[in-house]
Amino acid sequence: MTDAAELRRRTADLLAANPPATTEKLDFLKARFDAGLAWVHYPVGLGGLGAPRSLQAVVDAELEAADAPDNDARRNGIGLGMAAPTILRYGTEEQKQRFLRPLWIGEEVWCQLFSEPGAGSDLAALGTRAVREGDDWIVNGQKVWTSGAHNARWAILIARTDPSVPKHAGITYFVCDMTDPGVDVRPLRQVTGEAEFNEVFLTDVRIPDAHRLGETGDGWRVAQTTLNNERVAIGGMRLPREGGMIGPVAKTWRERPELRTHDLHQRLLKLWVESEVARLTAERLRQQLVAGQPGPEGAGMKLAFARLNQEISGLEVELRGEEGLLYDDWTMRRPELVDFTGRDAGYRYLRAKGNSIEGGTSEVLLNIVAERVLGLPAEPRTDKDVAWKDLAR
Amino acid sequence: MTGAPDLLYSEEEEALRSAVRDLLTDHCDAPGVIARAESDAPHDLAAWKALADGMGLAGLLVPEELGGQGASHREVAVVLEELGRAVAPVPYLTSAVVATEALLACGDEELLGRLASGRTIGALAVGLHVAPGAAFETVRVDDGLLHGELPGIADAVAADVLLVPGDDGGLYAVDAAAVTVTPQVAFDLTRPLATVTLDGAAGRRLGDAEPAVPRALRAGAGLLASEQFGVAEWALTETVRYLKERKQFNRPVGGFQALKHRLAQLWLEVVNLRAAARGAADALASGADADVLVAVAQAYAAPVAVRAAEEALQLHAGIGMTWEHPIHLYLKRAKADSIAFGTAGAHREALGELVGLEAP
């Protein structure tokens, strides 16, 4: 049984053996991983101690107080948040040993090759093919909306291995080497002018069977682990009052009295109230999780924040009047990190349009709430028992 | 946990909820509430007696040494959620919350004890529409006797004692026998309104109206959000249940995506309303940030409760339009609640001042 006191002791030992001031960042992170203090809820030998997840905060606080370097989690969000839990659950011992340590310390960045031009909300309809050849799989197809592909060493990939069975049954989950010569990453410029995402073209990419995660044909189930972890990552945040998109517009309102009109005032107050209520709902969800009684509210939070971000940023462009006619910079760039509230109002307005599309469209999320929370009948399906190759496209 | 309100329900609060719900299931079934609404006895005094006398709920806000339960606004909010869910015609919000809060401000121990027992029903003689901090009507005080007419007083017909603001700045306790209470035709039949006429009525000065009335109205406004949550949750739950059952075009109506999305959207708003209402209740209990969180809850609650009831009627369609089906009770309560203790717009304006988002 690993408790908080034990973790504090181990953290102190780590700091004593590897003083942050005189230890190389990567060396410190490797030592931290090997001490089981990377993610304490992971098993011993894989960066953890099999401790309760909630105790991670104890370690983090001690390390922060000691000014220890961290693994810059935002740079490898897909790796830490989605690839790692999937590898942990479905990976072989060899895969876990090979991938988790460089992933956690940030030496190897990961990306996700899931969405395709023809498979968005209907992800299971994906058409990228993987064909077995000896000990390898040969992959051909096109993926899209891949963030970080240009920095990634590895990708989690789902591809079709059997077109003759219904779509959910013929998918297999792989780890794809992004340095393979058949991987072609092209920036995908978006409405904001920059390219956060990429298109990834896969031409005769060779993946050893040893890099398959889970059974052949079981990729859809494996992918659920990945996607469920994406929603967990979206749900857990904690904001102060005016901490989200409402903050910049409230600041502008206070600093620029000459921009105020009665109509804008009414709309601003309404959105301010809705932001505060959404914040309270997120806080309530967090309190439920801490108390060990997770509620279904999480499904709704993304819907609420997407709509609010869009309405608030739209109001802000309008509030700025004459300045709202201008834009800060249309230059094509590939930003390292995404900041929804960074840059000017016009950028925020355009970027927020993606909030109701990325990670599940609002329309699909409303279906999920209706069916899984309210228990209403599912949509009629015409594709369930049809071989993938016979589906309309 | 620095500074964030506790937005959950404790085990004791959940136990309180199920006890109140059981009691209301026995006392306040929908056909009974509909029949009572048009009768000469609009209040369900048997249910009130069971809640107040039997369970001691009228005294939740009153300290134990004065005969109350020494609980807080958090527990009161749970009771109000259940009363909203049943549109129960009992003078709980008016007597056990608003009048009691005014008496707490004045420190009147004798009346507090009587109201806490539930055997005396009190009503603050301020129009139901008045927002906390807004101006309210007073009566003329002449030689210690009160003269005037105060319309729109909720639950006055059930009250034994009225708390009346005088034009001298005092708040007076007036025996119901000393005034004329004339019922008005209220939009919400489950919370009857009346005009209170004072024609030289004797009153006992309790204290100053100025801190007492705004404090009472703030508690009323903040806790009304929990009642509105109860109303909205009933409307959503009942509509979801009905649409799973109701079949047209050879399928359950609830399987049509246009309706599923409307219900999912409504669910989202109802979930938000619960957090807002819990925030207000906890803030009233702790005193921290109460002005803002009460105004937030009231600015958010009314549109959601009204929309939930309106959606319930539309999605029930024909049956929802009948007098026989209870939806109209909830629609009327939700609509009346949207005016009670100030409209959402009034609370938004108040917020503008409170959080420094000033009008042009």
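Everything numeric here is computed off the predicted structure, so don't read it as measured data. Every chain is numbered from 1 and lettered A, B, ... according to where its sequence line falls, protein lines coming before strand lines.
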**Q.** A/E363 to B/H261 - nearest heavy-atom pair and separation
**A.** O-NE2, 3.2 Å
Q. In terms of heavy-atom pairs under 4.5 Å, which option from B/G255, B/G352, B/A359 contacts chain A the most?
A. B/A359
**Q.** Option among B/N272, B/L7, B/D6 that satisfies the side chain to side chain contact (heavy atoms under 4.5 Å, CB included) test with A/R284
**A.** B/L7
Q: Return yes if some donor-acceptor pair links the side-chain N/O of B/K260 with the main-chain N/O of A/I368 below 3.5 Å, else return no.
A: no
Q: Answer yes or no: are there more than 12 heavy-atom neighbours, outside A/D67 itself, under 6.0 Å from its atom CG?
A: no
Q.
So which residue, A/Q288, A/E258, A/E274, ends up with the most heavy-atom pairs under 4.5 Å with chain B?
A. A/Q288
Q) In terms of heavy-atom pairs under 4.5 Å with chain A, which of B/L8, B/L351, B/V271, B/T237 leads? A) B/L8
(Q) Quick check for you: among B/G279, B/A297, B/P303, B/G356, which has the greatest number of heavy-atom pairs under 4.5 Å with chain A? (A) B/G356
Q. What part of A/P380 gets closer than 4.5 Å to chain B, counting heavy atoms only: side chain, backbone, both or neither?
A. side chain
**Q.** Pairwise distance CH2(B/W267) to CG(A/L376) - rounded to 0.5 angstrom
**A.** 12.5 Å
**Q.** Contact origin within B/L268 toward chain A - heavy atom pairs under 4.5 Å
**A.** side chain
Q. Which residue out of A/E379, A/E371, A/H262 racks up the most heavy-atom pairs below 4.5 Å with chain B?
A. A/E379
Q | A/A378 versus chain B, the contacting section by heavy-atom distance below 4.5 Å | A | backbone
Q: Examine whether an atom of B/E358 lies under 4.5 Å from a heavy atom of chain A, and if so say whether it belongs to the side chain, the backbone or both; otherwise answer neither.
A: both
Q: Count the heavy atoms belonging to other residues, nucleotides or ligands that lie under 6.0 Å from OH of A/Y347, then report whether that count exceeds 12.
A: yes
Q) Which answer fits B/R251, side chain, backbone, both or neither, if we ask what part of it has an atom under 4.5 Å from a heavy atom of chain A? A) side chain
Q: Using side chain to side chain donor-acceptor pair (under 3.5 Å) as the criterion, list what pairs up with B/H328, not counting sequence neighbours.
A: B/K332
Q: Below 4.5 Å from any heavy atom of chain B, which atoms of A/L268 appear? Answer side chain, backbone, both or neither.
A: side chain
Q. Among B/L273, B/L263, B/L236, B/V355, which residue forms the greatest number of heavy-atom pairs with chain A at distances under 4.5 Å?
A. B/V355
**Q.** Interface residue of largest heavy-atom contact number with chain B, from A/E242, A/K270, A/Q266, under 4.5 Å
**A.** A/K270
Q) With distance as the sole test, does A/H265 use its side chain to make a donor-acceptor pair with the main-chain N or O of B/E349 at under 3.5 Å? A) no
Q) Closest heavy-atom contact between A/R241 and B/D289? A) NH2-OD2, 2.7 Å
Q) Of the listed residues (B/R278, B/Q257, B/H347), which shares the most heavy-atom pairs with chain A below a 4.5 Å separation? A) B/Q257
Q: Kindly indicate whether the side chain of B/P5, heavy atoms from C-beta on, has any atom under 4.5 Å from the side chain of A/L280.
A: yes
Q. Using non-hydrogen atoms only, which part of B/D282 is less than 4.5 Å away from chain A: side chain, backbone, both, or neither?
A. neither
Q: Pick one of side chain, backbone, both or neither for B/V292, based on which atoms fall under 4.5 Å of a heavy atom in chain A.
A: side chain
Q.
Would you compute the distance between atom NZ of B/K244 and atom CG of A/L374 and round it to the nearest 0.5 angstrom?
A. 7.0 Å
Q: Could you check which of A/N367, A/V369, A/T261 has the highest count of heavy-atom pairs closer than 4.5 Å to chain B?
A: A/N367
**Q.** Interchain contact, B/L259 with chain A, by part (heavy-atom threshold 4.5 Å)
**A.** neither
(Q) Between A/E276 and B/L293, is there a side-chain heavy-atom distance shorter than 4.5 Å? (A) yes
